[in-house]
Amino acid sequence: MKRHLLESADLDRDDATLVLDTAAQIDQALAGREVKKLPTLRGRTVVNLFYEDSTRTRISFELAAKRLSADVINFSAKGSSVSKGESLKDTALTLEAMGSDAIVVRHGASGAPHRLAHWVRGSVVNAGDGTHEHPTQALLDAYTIRQRLGRLEGVRVAIVGDVLHSRVARSNVWLLNTLGAEVTMIAPPTLLPVGVGSWPVEVSYDLDSVLPKADVVMMLRVQAERMNASFFPSAREYSRRYGLDGRRMALLDDDAIVMHPGPMNRGMEIAAEVADSVRSTIVEQVGNGVSVRMAVLYLLLGGNEPA
Ligand code: NCD
């Protein structure tokens, strides 16, 4: 593994498989234990540096670090000296001067973790940068697919919805491609990025025709907070063409699964009956997120001792 995890492209097949296998080992080691904690990162400090709102990702990284016995500092830009104008660089150098070994960063600007990685000596983990990447989400998604379907090679994954604004989609495309899965993007033309032609994916505008051939359907949140124009006529229209409801779910193969990174807009991209169905892995994804992030922190910081 490299020193940082900045994007899915940092991971070749061996690295990605190592993360997934390590997460599985950690799951096994902790299963049935009363105290769900390993001593591996005792004495190390992990800083969660969050410039954007987050529920799952922040708590998941915090839990992951704590279960490895690291000290954890949670920094959110709101309420810090960032509101006095302090820059990302000065903030990071301040945190490092206090002894942080790894910085987990979420930022509204694509590329912020890359900049950070040039300024600090410790490891940097990208927890979501603008519309660019969210590599640990892709890793936990891959882990969940492998757990449910037993493999990733040749698995047909449909990624549906607001691809344009989705760092989850971008990270998944690269990682799934590295791991041998076949990806189809389904979105309104207005919500596909200009460069999608150069991605290793198929593109379709017709969800109903893709669903019967999919092993995995990954629904994306419509990211209204990143939209400054009208990308579709109305929520109702969007949901009618690109939402996953009970009728559409019935088109899926018996073993196919439905994923969503959260937070969901229930009733918009996904109907409640789908989100709460047995096909849905949404809650498992959250649980797997902790194991996968433990694996990432362990491999970046602990490395050579057995987990
Ligand atoms: C995603 C994110 O923030 O990029 N959420 C997450 O980390 N689970 C997706 C989203 O906000 O839609």
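Each ligand, and each atom within it, is numbered from 1 in the order the structure gives.
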- Task: Using modelled atom types only, decide if a donor and an acceptor are shared between the side chain of R106 and the backbone of D53 within a distance under 3.5 Å.
- Result: yes
- Nearest protein heavy atom with distance in Å, relative to atom 8 (N) of ligand 1: P261 O, 3.0 Å
- Message: Do the side chains of R248 and D208 get close enough for a salt bridge, i.e. N-O under 4.0 angstrom?
- Response: yes
- Atoms of ligand 1 less than 4.0 Å from Q223 heavy atoms? 10 (C), 12 (O)
- Query: Nearest to atom 7 (O) of ligand 1 by heavy atom, R56, H134, H165: which?
  - Reply: H134
- Message: Would the distance check show the side chain of Q285 and the main-chain N or O of H260 forming a donor-acceptor pair, the cut-off being under 3.5 Å?
- Response: yes
- Who's the nearest protein heavy-atom neighbour of atom 3 (O) of ligand 1, and how far? R167 NH2, 2.9 Å
- Query: Counting both backbone and side chain atoms, is some N or O of G262 under 3.5 Å from an N or O of ligand 1?
  - Reply: yes
- Task: Provide the number and element of each atom of ligand 1 under 4.0 Å from a heavy atom of T57.
- Result: 6 (C), 7 (O)
- Message: Between R148 and D215, does any side-chain N to carboxylate O distance fall below 4.0 Å?
- Response: no
- Message: Distance under 4.0 Å to a non-hydrogen atom of R106: what atoms of ligand 1 satisfy this?
- Response: 2 (C), 3 (O), 7 (O)
- Identify the protein heavy atom lying closest to atom 11 (O) of ligand 1, giving its residue, its atom name and the separation to 0.1 Å. R221 NH2, 2.9 Å
Would you mind writing out the side-chain donor-acceptor pairs for residues 178-190 within the sub-3.5 Å range, not counting sequence neighbours?
{"unit_1": "T178", "atom_1": "OG1", "unit_2": "W174", "atom_2": "O", "d": "2.9"}
{"unit_1": "T190", "atom_1": "OG1", "unit_2": "F231", "atom_2": "O", "d": "2.6"}

- Is any NZ, NE, NH1 or NH2 atom of the basic residue among R13 and E153 found under 4.0 Å from an Asp or Glu carboxylate oxygen of the other? yes
- Contacting atoms of ligand 1, where contact means under 4.0 angstrom from a heavy atom of V168: 1 (C), 4 (O), 9 (C)
- Side chain, backbone, both or neither: E52 near ligand 1, heavy atoms under 4.0 Å: neither
- Between L252 and L211, the two heavy atoms sitting closest are CD2-O, 3.4 Å
- Say whether P263, considering both its backbone and side-chain N or O atoms, lies within less than 3.5 Å of an N or O atom on ligand 1. no
- Using a heavy-atom cut-off of under 4.0 Å, does the side chain or the backbone of H260 touch ligand 1, or both, or neither? neither
- Worked verdict on V104 versus E62 for side chain to side chain contact (heavy atoms under 4.5 Å, CB included): CA-CA 10 Å; V104 176; E62 179 176 354; over 6 Å; no
